[in-house]
Amino acid sequence: MAINAALILFVCFFALLVIGVPISVGIGLSAIVTTFVVLPPDIALFTVAQKMITGVSSFSLLAVPLFVLSGNIMNNGGIARRLVNLAKLVAGRVPGSLAHTNVLGNMLFGALSGSAVAACAAIGGTMAPLEKDEGYDDSFSAAVNIASCATGMLIPPSGVLILYALTAGGVSISALFMAGYLPGILMGVSVMIVAFIYARKHNYTVSERVHFKEGLKIILDAIPSLLMIVIVIGGIVGGAFTATEGAAVSVAYTLILSIIYKSIDFKKFVKIIISTAMTTGVIMFLVAASSAMSWVMAFTGIPTAISNLIMSISNNKYVIMLIMNITLLIVGTFMDLTPATLIFTPIFFPIAMQIGMNPVHFGIMLVFNLCIGIMTPPVGSVLFVGCGIGGVTIEKVIKPLIPFFVALIITLLLVTYIPAISLVVPKLFGLV
């Protein structure tokens, strides 16, 4: 039954994608078709509807729309510019300083907003004109922005890590948040190393030295924004509030901050609420449809069959981890991060547990893989946004992106085969 169900499920799903059906609808329809094959029609419809409703009936999922709202407020609240100034202060005396500023800005803003697309647009939109004025190649600037904007999907708070925790069933969100720091920082550092080599080769200048008083003012301006990380993550890890309550705190904090900065008014806030509602609707429908698909896969034994297939290739855990990495990198080229997380977590999670991987380590590895995927054609969301912001075509940005891809894949392999990179921080806090 597992083989027949898998063929029906995946053939139906990919056929729907090919003809242009939205991913969320394709997931739901393929789940319904497969359920019809294994159950009577009346029971199939009732079961799918039930699983979709129960899939989104979770208090923890409230954190997702709240973090989306917080990110949207930040994106419109004047916070990005302050973080760029701080990043420029830190990276100002390094060759290719504006490129490093872009990376640091994405790491800071991405960590605050939890959105790669928001970081790509906000930081890239701020940096692109500055880099152009300094004589930076447009394609290189866009490549740096694209390659670094996904760091915020690993550096907490991250909505994708929350979705993984719920899909995997019982994985600590606090542990995942703490585990994301080192891999996220390494991801940014790997991009900066490539940018440094490129800048030295092309003799890019460093920024002018900043006077002490001006530097102090930049730091003081950025502290209120950075405090959000301390308050939200500190509160979650310290047990003062849950991840969902922490998301609510982040909304309140960023809203107050934007009002103080006088960068948001009622009309703009209404637009932010509408945008958040639309994004939340898409995410929640994806979660609902993926819940139905996950149940169909579990009921028909698809994850077990795939696990047996992979284990038949090799019983060496390092080879199996490599197979999972290659599969996820391929999946990331044609599927966005959220649906890929929801679909492939229930498939690969049992395999990871079978070979003795820590569930927190596996979650970081999975998300890291899919972060690379959102930068790659043909469906890379940040690739399109980054090219649009940078004013370059995809064809022109691919060549300068290749060295960054190589660096990111090397970093991915380090994160995969050295579990301590993911686990050392949560262990320090007693979360693993």
Side-chain angles (χ1 to χ4, degrees), residues 4-58 61-62 64-65 67-68 72 115-117 153 159-160 162-164 166-168 274-300 302-303 306 327-328 330-348 366-367 370 373-374 376-385:
N4 291 335
L7 286 172
I8 294 167
L9 184 69
F10 292 117
V11 169
C12 182
F13 175 61
F14 289 116
L16 289 169
L17 290 187
V18 168
I19 63 174
V21 174
I23 289 178
S24 54
V25 178
I27 292 170
L29 288 177
S30 56
I32 291 171
V33 170
T34 309
T35 310
F36 275 171
V37 174
V38 297
L39 290 173
D42 54 339
I43 298 177
L45 277 175
F46 174 79
T47 303
V48 170
Q50 184 186 52
K51 296 304 174 185
M52 290 182 72
I53 291 169
T54 55
V56 293
S57 182
S58 169
L61 270 178
L62 282 173
V64 176
F67 276 128
V68 171
N72 284 341
S115 169
V117 172
M153 308 307 290
V160 177
I162 294 172
L163 290 177
Y164 163 76
L166 297 174
T167 309
I274 293 171
S275 173
T276 301
M278 292 173 67
T279 303
T280 301
V282 172
I283 294 172
M284 289 304 166
F285 187 75
L286 266 171
V287 172
S290 299
S291 299
M293 179 180 271
S294 297
W295 178 84
V296 171
M297 288 192 294
F299 182 77
T300 56
I302 291 173
I306 293 174
T327 305
L328 289 168
I330 294 170
V331 165
T333 63
F334 61 84
M335 191 177 293
D336 206 10
L337 197 148
T338 300
T341 301
L342 294 168
I343 292 170
F344 286 90
T345 295
I347 292 174
F348 286 142
L366 180 139
V367 173
L370 299 176
I374 63 174
T376 55
V379 188
S381 53
V382 298
L383 176 65
F384 297 121
V385 173

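Not measured: the values here are computed from a predicted model. Just so you know, these numbers use all the heavy atoms, side chains as well, and skip hydrogens, waters and symmetry mates.
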> Can you tell me how far the CD1 atom of Ile283 sits from the CG atom of Leu163, to the nearest 0.5 Å?
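Reported value, rounded in 0.5 Å steps: 7.0 Å.
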> Under 4.5 Å between any side-chain heavy atoms of Ser294 and Lys51, yes or no?
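SC-SC contact between Ser294 and Lys51 ruled out.
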> Identify the heavy atoms of Met52 and Ala292 that sit nearest to each other, and give their distance.
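Where Met52 meets Ala292 most closely, the heavy atoms are CG-CB, 3.8 Å.
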> Would a 4.5 Å heavy-atom cut-off, applied to side chains only, mark Thr47 and Trp295 as touching?
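Answer yes - side chains close enough.
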> Measuring from Thr34:OG1 to Met293:CE, what's the distance to the nearest 0.5 Å?
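Going from the OG1 atom of Thr34 to the CE atom of Met293 covers 7.0 Å.
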> Within the 4.5 Å heavy-atom criterion, are Ile8 and Val11 side-chain neighbours or not?
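The answer is no, as the side chains (C-beta and beyond) never meet within the 4.5 Å cut-off.
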> Which pair of non-hydrogen atoms, one from Val25 and one from Phe285, has the smallest distance, and what is that distance?
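Nearest pair, atom of Val25 first, then Phe285: N-CE2, 4.0 Å.
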> Check the pair Leu45, Phe36 against side-chain contact (heavy atoms from CB on, under 4.5 Å), reporting the backbone distance first and the verdict last.
CA-CA 8 Å; Leu45 277 175; Phe36 275 171; 3.8 Å; yes
> Distance from Ile306 atom CD1 to Thr327 atom OG1, nearest 0.5 Å?
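Going from the CD1 atom of Ile306 to the OG1 atom of Thr327 covers 9.5 Å.
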> So if I apply the side chain to side chain contact (heavy atoms under 4.5 Å, CB included) rule between Ser24 and each of Val287, Val282, Leu286, which one comes out positive?
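The residue from Val287, Val282, Leu286 that satisfies side chain to side chain contact (heavy atoms under 4.5 Å, CB included) with Ser24 turns out to be Leu286.
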> Calculate, to the nearest 0.5 Å, the distance between atoms CG and CD1 belonging to Leu16 and Ile27 respectively.
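If I round to the nearest 0.5 Å, the distance is 10.5 Å.
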> Roughly how far, to the nearest 0.5 Å, is CD1 of Ile374 from OG1 of Thr333?
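These two atoms lie 13.0 Å from each other.
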> Are more than 12 heavy atoms from other residues, nucleotides or ligands located less than 6.0 Å from atom CZ of Phe14?
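For Phe14, atom CZ is crowded (more than 12 foreign heavy atoms under 6.0 Å).
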> What's the shortest heavy-atom distance between Pro65 and Thr276, and which atoms?
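Taking Pro65 first and Thr276 second, the nearest heavy atoms are O-CG2, 3.7 Å.
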> Side chains of Leu383 and Thr376: does their closest heavy-atom pair fall under 4.5 Å?
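They are not in side-chain contact.
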> I'd like to know if the side chain of Thr345 and the backbone of Leu342 have a donor-acceptor N/O pair within less than 3.5 Å.
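Checked: no pair found.
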> Less than 4.5 Å apart, any side-chain heavy atom of Leu366 and any of Thr341?
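Of all side-chain heavy-atom pairs linking Thr341 with Leu366, at least one is under 4.5 Å.
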> Could you point out which residue of Val160, Val382, Leu370 forms a side chain to side chain contact (heavy atoms under 4.5 Å, CB included) with Met153?
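Output: one option passes, namely Val160.
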> Search all heavy atoms of Ala298 against all heavy atoms of Pro303 and return the closest pair with its distance.
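Minimum heavy-atom separation between Ala298 and Pro303: N-CD, 4.2 Å.
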> Would you name the heavy atoms of Met297 and Ile343 that are closest together and state the gap between them?
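In terms of heavy atoms, the two residues are closest at CE-O, 3.7 Å.
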> May I ask you to decide if Ile53's main-chain N or O and Ser57's side chain share a donor-acceptor pair within less than 3.5 Å?
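Checked: no pair found.
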> Between Leu9 and Ile302, does the side-chain contact (heavy atoms from CB on, under 4.5 Å) criterion hold? Intermediate values first, please.
CA-CA 10 Å; Leu9 184 69; Ile302 291 173; 3.9 Å; yes
